[in-house]
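Some notes on the structure that comes next.
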Amino acid sequence: MATAVSAEFPTGLLIGGETVAAASGDTLAVVNPATEEEIASVAMAGADDIDRAVRNARDTFESAAWQRMSARQRGERLYRLGDLLLEHKDELTRLETLNNGKPLFESAIDLNLTAQTFKYYGGWADKVHGETIPVDGPYLNYTLREPIGVIGAIVPWNFPMSLASWKIAPALACGNTIVLKPAEQTPFTALRMAELALEAGFPPGAFNCVPGAGAVAGAALVEHPGVDKIAFTGSTEVGIRIMQSAAHTVKKVSLELGGKSPNIIFADADLDAAARGALSGIFYGKGEVCAAGSRLIVEKSVQDELQGRIIERAKKMVPGDPLNPKTRLGSLVSRAQMERVLGHIASGRSEGATLLTGGERASVNGKGFFVQPTIFSNVDRGMTIAREEIFGPVLAIMSFEGGVDEAAELANATIYGLAAGIWSRDIKKALRAARAIRAGTVWINTYNMYDAASPFGGYKQSGFGRDLGMHALEGYMQVKSVWVDLS
Ligand code: NAD
């Protein structure tokens, strides 16, 4: 049964190329977090819908049409999808901003990276191939690199378009088919991306998109025996649950999880650049960024000067209407997330950290789930705000005096290992620190840089497997060894 599709928002499930209602008829109200208004209600997939989507993806994967489609043809379609995203830039960035609360300029950055990701993997599609291996004896031995099958992709709400593309693009490039479950808060751009994939020439069923609740639709996808791999981005807590339940069907799993990333500033850094990097490291994306530089680790001799610069700039970062192109700080994604962040701020206060600026809820025209840019100093490594991922605009400043060794020790004092920043004019010192830090990405004299060609993923409890770059391809194919007797 087809749902009424609103002029502005995609509101159905996209299964087998058709927009359909959930079998149960359930829908979920989607809210614009900057105005607190309901903007659409979207079909909520249940286990039946997940089953239907997986069967479609499986049938498509096994169909002659899909199996006959050459790698080059898949690549051309991926490239076309990248172009279509750029052609729909205004629509998609507006949808992302209305849905997530991030400013328009950030949605535009996400859109560009998303389009770049599809084009990058479009380029890879016909460059993935096996080897011939010089084995003993009169044998020809060669390898085939084959797709895994049906990929269940589960993504969070902070970068709805780009994080989905990081999984879908390499998966399609390698010849897999997809069932994507976007976060319940942010379904719109994922659904539009799946619609545009049809326009780009992917067959119905190659890329299905099924919004729904994590505990229902997400769990059903993870448990479904017809899914060969789960590619997940989200919290460490849910990642652990996914690993456990994927074990029953021996599914392959890749996990991109949380972070508590250190941003280290040495006394010999360009302090102006470092102050700017410290701020964008934590306040870009309202701090709802897995790689947010949420622990600022500053050499004591420059701490006062640096804090002065940071506070002055932070006070000028006033939250604004995300649809205004000039706005630099948007609304948090939901009331629940805002309350979680305010709870962390309260714990920072009660555990004895010094609040330098911010610390309160904010609003635009009296509405919205905004939080002021918030900075704490005198943070001890044992405090909750130094250990737990806050996922909001809250910076914890700590200091060190013992050079690279102490800075790295403090940086590594976390269960996470997603990213890190290092600021120094001494390149040898910076490179020594980069080696000593256990994280999947290290930025030197910059922060939050991404490129479709450069791998991204976690050490320690930030997960395993890599998104982006050639490294992501490994996660979407398997190797078959073929022996031929030539005697
Ligand atoms: P979350 O783990 O609650 O949800 C992520 C996704 O998992 C959503 O689609 C949700 O519906 C689904 N889900 C929830 N419970 C599930 C279950 N039992 N089974 C299957 N799926 C389930 O995370 P969130 O709050 O939406 O997102 C924030 C988290 O994502 C943060 O911890 C952040 O660090 C992390 N993140 C990591 C990266 C990275 O690349 N490492 C990038 C962005 C965000």
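Keep in mind that what you see is a predicted model, and the values were worked out from it rather than measured. Note that ligands are numbered from 1 as they come in the structure, with each ligand's atoms numbered from 1 the same way. Just the heavy atoms: all of them, side chains too, but no hydrogens, waters or symmetry mates, feed the values below.
T114 contributes atom OG1, which lies 12.5 Å from atom NZ of K119 (distance to the nearest 0.5 angstrom).
The N/O atoms of V155, backbone and side chain alike, include one that comes under 3.5 Å of an N/O atom in ligand 1. No N or O atom of R340 sits closer than 3.5 Å to an N or O atom of ligand 1. For a threshold of 3.5 Å applied to N or O pairs, the pair formed by S235 and ligand 1 contains at least one separation below that value.
The closest protein non-hydrogen atom to atom 35 (C) of ligand 1 is G234 O, 3.1 Å. Among all protein heavy atoms, the one lying closest to atom 27 (O) of ligand 1 is P156 CB, 3.3 Å. Protein heavy atom at the shortest distance from atom 42 (C) of ligand 1 is C290 SG, 2.7 Å. Scanning all protein heavy atoms for the shortest distance to atom 41 (N) of ligand 1 gives L257 O, 2.7 Å.
Close approach of ligand 1 to I154 (heavy-atom distance below 4.0 Å) involves ligand atoms 6 (C), 7 (O), 9 (O), 12 (C), 20 (C), 21 (N). In the vicinity of L163, heavy-atom distances shorter than 4.0 Å reach the ligand 1 atoms 42 (C), 43 (C). Below 4.0 Å from some heavy atom of N158 lie the following atoms of ligand 1, by number and element: 43 (C), 44 (C). Close contacts of ligand 1 with A183, meaning ligand atoms under 4.0 Å from a residue heavy atom, involve 9 (O). Interface atoms of ligand 1 facing L418, defined by a heavy-atom separation under 4.0 Å, are 41 (N). Under a 4.0 Å criterion applied to the non-hydrogen atoms of R241, ligand 1 contributes the atoms 18 (N). Atoms of ligand 1 found under 4.0 Å from any heavy atom of G218, numbered from 1 in the order shown, are 19 (N), 20 (C), 21 (N). Within the listing of ligand 1, atoms 10 (C), 11 (O) sit less than 4.0 angstrom from a heavy atom of E184.
Heavy atoms of A219 come nearer than 4.0 angstrom to ligand 1 in at least one pair. Taking 4.0 Å as the cut-off, F159 does not count as a neighbour of ligand 1 on heavy-atom distance.
By the 6.0 Å contact criterion, CZ on R55 is open, its count of non-hydrogen atoms from other residues, nucleotides or ligands being 12 or less.
You'll find the side chain of I151 stays beyond 4.5 Å of the side chain of V227, heavy atoms only. Counting only heavy atoms from C-beta outward, the side chains of P10 and E195 approach each other to under 4.5 Å. Residues M161 and L111 form a side-chain contact, since some pair of their non-hydrogen atoms from C-beta on lies under 4.5 Å apart. By the 4.5 Å heavy-atom criterion applied to side chains, I39 and F9 are counted as neighbours.
Counting heavy atoms closer than 4.0 Å to ligand 1, residue E389 contributes side-chain atoms (C-beta onward) but none from N, CA, C or O. Of all the heavy atoms of V289, none lies under 4.0 Å from any atom of ligand 1, so neither backbone nor side chain is involved. Counting heavy atoms under 4.0 Å from ligand 1, residue E256 touches it through both backbone and side chain.
Here atom 5 (C) of ligand 1 lies nearest to T233 when heavy atoms of V238, D467, T233 are compared. In this structure, of W157, F391, F232, the residue bringing a heavy atom nearest to atom 33 (C) of ligand 1 is F391. Of the listed options P160, G214, P211, G214 places a heavy atom closest to atom 17 (C) of ligand 1.
Taking the six-membered ring for Trp and thresholds of 30 and 60 degrees, Y450 and W166 have ring planes inclined between 30 and 60 degrees apart. Between Y120 and W124, the ring planes are perpendicular. Angles over 60° get that label, and only those under 30° would be called parallel.
With respect to E91 and R192, a salt bridge is recorded, a charged nitrogen being found less than 4.0 Å from a carboxylate O. Note on K251 versus E223: no salt bridge recorded, every NZ/NE/NH1/NH2 to OD/OE distance being 4.0 Å or above. For D51 and R58, the salt-bridge test fails: no basic side-chain N is under 4.0 Å from an acidic carboxylate O. A salt bridge links E409 with R381: at least one charged nitrogen is closer than 4.0 Å to a carboxylate oxygen.
Remark: K460 is not positioned above the aromatic ring of Y416, lacking an NZ or CZ atom under 6.0 angstrom from the ring centre and at most 45 degrees off the axis.
Between S107 and the options T93, T97, N100, T189, a side-chain hydrogen bond (donor to acceptor under 3.5 Å, both in side chains) holds for only T97.
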